[in-house]
Amino acid sequence: MNDNATHPLKLFNSLTRELEIFTPVHPGEARVYTCGPTVYNYQHIGNMRAYIFADLLGRTLSWKGYQLTHIINITDVGHLTSDADAGDDKMEKAAAKAGKSAWDIAKYYTDAYWLDIDRLNIRQPAKWSIATDHVEEMIEFAKKIADKHCYECETGLYFDTTTVPDYGALARANTDEGEGRIETVEGKRNQNDFAIWRKTPPGETRQMEWDSPWGKGAPGWHLECSQMSMKYLGETFDIHTGGIDHREIHHPNEIAQNQAHNCSAHSGANIWMHNNFLIDRAGKMSKSSGDFLRLQVLIDKGIHPLAYRLMCLQAHYRSELEFTWENLVAALTRLKRIVMGVGKQRAKAAGNQAVIEHPRLVQIRQQLNEAISDDLNSSKCLPLLEDLLAQKKLPADQCLSLIAEFDHILGLDLLALKRSDLRVRSKDATIDETDIEQKIDQRQQAKSDKDFALADAIRNELTAQGVDLMDGDPLRWEWRIEI
Ligand code: AMP
Ligand code: ZN
């Protein structure tokens with residue numbers, strides 16, 4: 001822990017629907033589990049919002065000096081097409097459709113996901129915990145709770161949700177606020193009961209199946225997260241995160257299993273945190289809607305992926321965020337200005353690691369601490385950063401130290417990113433970059449010769465080729481983004 005921890009960190013706990021002061025289970029440590037992707041397809045940019053949020057949380061905890069252990073899982077088996085145990089396994093279905101093995105599909109989409117994690121400057125967790133590496137331990141977990149809490153029926157081993165106290169408290173399933181809707185599966189005793197082990201149907205062979213006391217089959221998706229979170233973080237750990245859809249079914253089911261496993265009414269994690277959705281004009285962005293935006297589509301338009309990260313940070317994680325290309329381009333422009341501001345400070349600084357002592361900088365740092373401690377209010381941190389960059393007369397080395405602290409939390413790669421890295425990349429340019437530079441030199445010459453007709457003609461020619469001139473920007477020109 002360090003000085004930054006003196007300001008209490010308040011986080012919104014979905015379990016109590018209240019802001020709570022973070023108090024670690026193990027003093028000086030922070031143990032966080034994040035529900036990761038189901039790797040049957042690419043992650044869309046909405047999914048990536050969930051990991052940007054988890055990364056912001058992890059960065060904040062480590063900035064405050066807690067020793068962070070962050071686990072993110074990879075669901076490569078067990079997630080059905082409905083969150084509530086109906087339908088097919090997403091992996092097997094995708095494999096059949098692509099004519100590939102489920103293992104190949106998992107590998108391909110896990111790699112694609114990791115690439116996007118990297119592009120968004122999301123820090124590596126302590127461990128990527130892969131579900132299929134833990135199946136034996138999941139069976140042990142299920143064996144432990146089977147007698148008291150489960151029953152077997154034709155399709156699998158089911159968890160009886162009436163055997164634990166207050167099932168569904170997280171979802172508020174019994175109040176108007178709850179949105180959980182469970183589909184009926186034959187043989188279930190109670191509507192909310194869920195499979196912890198799914199048997200392979202008689203006469204069928206699945207690509208991913210294991211022997212178990214309940215026959216050949218695969219673990220349920222909820223069992224995976226209960227087992228892996230507690231294996232790596234302990235039976236009581238600090239924070240569990242996921243998208244807000246997980247508040248309704250997946251996390252209530254994890255909690256029920258944790259309670260059964262630990263013979264306790266405690267949910268397993270002290271704080272359950274959920275990011276809200278990225279939406280577009282048609283509603284929530286989802287993979288089942290067919291057409292969805294992935295980070296690669298943004299990059300193909302020429303937009304740097306960190307502009308998307310900034311776009312997410314501009315909103316509070318608990319607010320819905322609407323994706324529009326206009327919002328994204330505005331975030332790119334904001335990022336350019338920030339990066340140019342940092343560049344100016346870098347040019348002035350001598351490069352020494354400076355202690356922040358100047359009263360104005362101490363004050364900004366305090367404001368940063370207050371903003372981020374207020375349930376990770378990243379949108380409030382950004383104007384503080386811009387305020388810092390606008391300071392002209394402060395010691396540059398100290399300014400840079402403070403910028404590094406902002407970046408520790410925000411993860412915009414501010415100390416490495418250059419204005420030129422943010423240059424839009426045009427895929428179908430009809431003119432090359434050296435020609436553009438030459439034309440701009442000619443235009444400047446024409447302007448100093450007071451030949452304004454020629455200067456305008458050159459500008460118009462470049463505009464027609466998709467090039468915008470920017471007097472006053474060190475890059476001088478930029479490809480226009482077609483949105
Ligand atoms: P999945 O790969 O479907 O298991 O989802 C990965 C993560 O993305 C989960 O934490 C989901 O709750 C989250 N998620 C799904 N859709 C969205 C969305 N439109 N906006 C933000 N998060 C989402
Ligand atoms: Zn999970």
Side-chain angles (χ1 to χ4, degrees), residues 14 32-57 71-83 87 89-91 94 105-106 109-110 112-114 116-117 120 122 128-131 134 138 170-171 179 194 196 219-233 239-258 267-269 272-289 291-295 308 311-312 315-323:
S14 299
V32 181
Y33 183 87
T34 293
C35 280
T38 309
V39 285
Y40 71 105
N41 201 338
Y42 294 109
Q43 292 282 286
H44 55 61
I45 55 173
N47 299 133
M48 296 315 290
R49 185 182 186 202
Y51 310 112
I52 292 173
F53 149 65
D55 188 44
L56 177 70
L57 172 67
I71 304 291
I72 308 180
N73 77 288
I74 302 285
T75 298
D76 55 353
V77 67
H79 193 167
L80 300 193
T81 43
S82 149
D83 277 4
D89 189 296
K90 291 187 182 195
M91 297 299 305
I105 294 278
Y109 290 114
T110 303
Y113 166 66
W114 281 339
D116 285 354
I117 286 285
L120 289 168
I122 291 170
W128 295 105
S129 158
I130 314 239
H134 296 77
M138 290 168 193
L170 177 68
E179 291 161 14
F194 55 90
I196 69 171
W221 171 42
H222 319 300
L223 176 63
E224 298 175 4
C225 284
S226 278
Q227 186 272 321
M228 294 188 286
S229 58
M230 297 204 295
K231 168 174 180 176
Y232 293 110
L233 301 177
I239 304 172
H240 193 312
T241 83
I244 194 148
D245 45 341
H246 289 350
R247 205 179 65 180
E248 310 305 330
I249 298 175
H250 183 45
H251 290 171
N253 292 354
E254 274 188 55
I255 290 174
Q257 295 166 149
N258 296 353
S267 70
W272 293 77
M273 293 178 76
H274 297 99
N275 63 280
N276 212 323
F277 286 136
L278 181 78
I279 54 169
D280 57 22
R281 283 185 188 135
K284 177 202 157 195
M285 196 168 285
S286 74
K287 279 178 267 191
S288 47
S289 64
D291 243 9
F292 59 82
L293 275 181
R294 12 186 218 118
L295 199 61
Y308 177 64
M311 187 183 146
C312 290
H316 190 267
Y317 75 89
R318 280 196 288 126
S319 310
E320 279 187 348
L321 171 61
E322 179 169 329
F323 177 83

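Counting convention: from 1, in listed order, for ligands and their atoms alike. Bear in mind the structure is a predicted one, so any value in this text is a computation, not a measurement. Note: hydrogens, waters and symmetry copies are ignored here, and every other heavy atom, side chains too, is used.
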The atoms of ligand 1 lying under 4.0 Å from a heavy atom of Asn275, numbered in the order shown, are 21 (C), 22 (N)
Closest to atom 9 (C) of ligand 1 (heavy atoms only, candidates His246, His274, Glu320, Met48) is His246
among protein heavy atoms, the one nearest atom 3 (O) of ligand 1 is Lys287 NZ, 3.7 Å
Atoms of ligand 1 under 4.0 Å from any heavy atom of Asn276, numbered from 1 in the order shown, are 21 (C)
| Heteroatom distance test (Gln43, ligand 1): nitrogen or oxygen, under 3.5 angstrom | yes
request  = Give a yes or no on whether the backbone of Pro37 and the side-chain of Gln43 come within a donor-acceptor separation of less than 3.5 Å.
outcome  = no
_Side chain or backbone, does Phe277 bring an N or O within less than 3.5 Å of an N or O on ligand 1?_
no
Any sub-3.5 Å donor-acceptor pair from Ser319's side-chain atoms to Ala315's backbone N or O?
no
* Does Tyr308 reach the main-chain N or O of Ile45 with its side chain, forming a donor-acceptor pair under 3.5 Å? -> yes
>> Using 2.8 Å as the threshold, say whether any N, O or S atom from His222 sits that close to the Zn ion (ligand 2).
In response: no
shortest atom 5 (O) of ligand 1-to-protein heavy-atom contact is with Asn47 ND2, 3.3 Å
Honestly, for Ile279 the part within reach of ligand 1 (heavy atoms, under 4.0 Å) is neither
Please check this pair: side chain of Ser14 against backbone of Trp272, looking for a donor-acceptor N/O pair closer than 3.5 Å. yes
Atom 10 (O) of ligand 1: closest protein heavy atom, distance to 0.1 Å, is Gly243 N, 3.0 Å
So is Thr34 close enough to ligand 1, meaning a heavy atom under 4.0 angstrom away? no
Atom 23 (C) of ligand 1 has as its nearest protein heavy atom Gly46 O, 3.6 Å
Exercise. Do side-chain atoms of Asn258 reach the backbone of Ser267 as a donor and acceptor pair under 3.5 angstrom?
Worked result: yes
Counting heavy atoms under 4.0 Å, the part of Thr38 that contacts ligand 1 is both
Practice problem: Would you check if the side chain of Arg49 reaches a backbone N or O of Asn276 as a donor-acceptor pair within less than 3.5 Å? | Solution: yes
Exercise. Taking both backbone and side-chain atoms of Arg49, is any N or O found less than 3.5 Å from an N or O belonging to ligand 1?
Worked result: no
Is any N or O atom of Ile244, backbone or side chain, closer than 3.5 Å to an N or O atom of ligand 1?
no
key: Audit row: Lys231, His134, side chain to side chain contact (heavy atoms under 4.5 Å, CB included) steps and yes/no   = CA-CA 10 Å; Lys231 168 174 180 176; His134 296 77; 4.1 Å; yes
the protein heavy atom lying closest to atom 11 (C) of ligand 1 turns out to be Asp245 OD1, 3.6 Å
Asn73 and Tyr33: side-chain donor and acceptor closer than 3.5 Å? yes
Test side-chain contact (heavy atoms from CB on, under 4.5 Å), reference Leu57, set Thr241, Ile52, Asn275, output is Thr241
Practice problem: Look only at the side chain of Ser229 and the backbone of Ser226, and say whether a donor-acceptor pair between them is shorter than 3.5 Å. | Solution: yes
_Polar contacts were defined as any N/O atom of the residue lying under 3.5 Å from an N/O atom of the ligand; does this apply to Ala50 and ligand 1?_
no
Ranked by distance from atom 20 (N) of ligand 1, the top protein heavy atom is Leu278 N, 2.8 Å
**Message:** Checking the N or O distance criterion of under 3.5 Å, is ligand 1 in contact with Trp221?
**Reply:** no
Inset, instruction - Would you please say whether a donor-acceptor pair under 3.5 Å links the side chains of His251 and His274? - result: yes
Check: Quick check: does any side chain N or O of Asn253 sit under 3.5 Å from a backbone N or O of His250, one acting as donor and the other as acceptor?
Finding: no
Taking the Zn ion (ligand 2) as the apex, SG on Cys225 and NE2 on His250 give an angle, to 10°, of 110°
Counting heavy atoms under 4.0 Å, the part of Tyr51 that contacts ligand 1 is side chain
dist His246:NE2 -> His240:NE2 (nearest 0.5 Å) comes out at 8.5 Å
Here the atoms of ligand 1 under 4.0 Å from any heavy atom belonging to Pro37 are 2 (O)
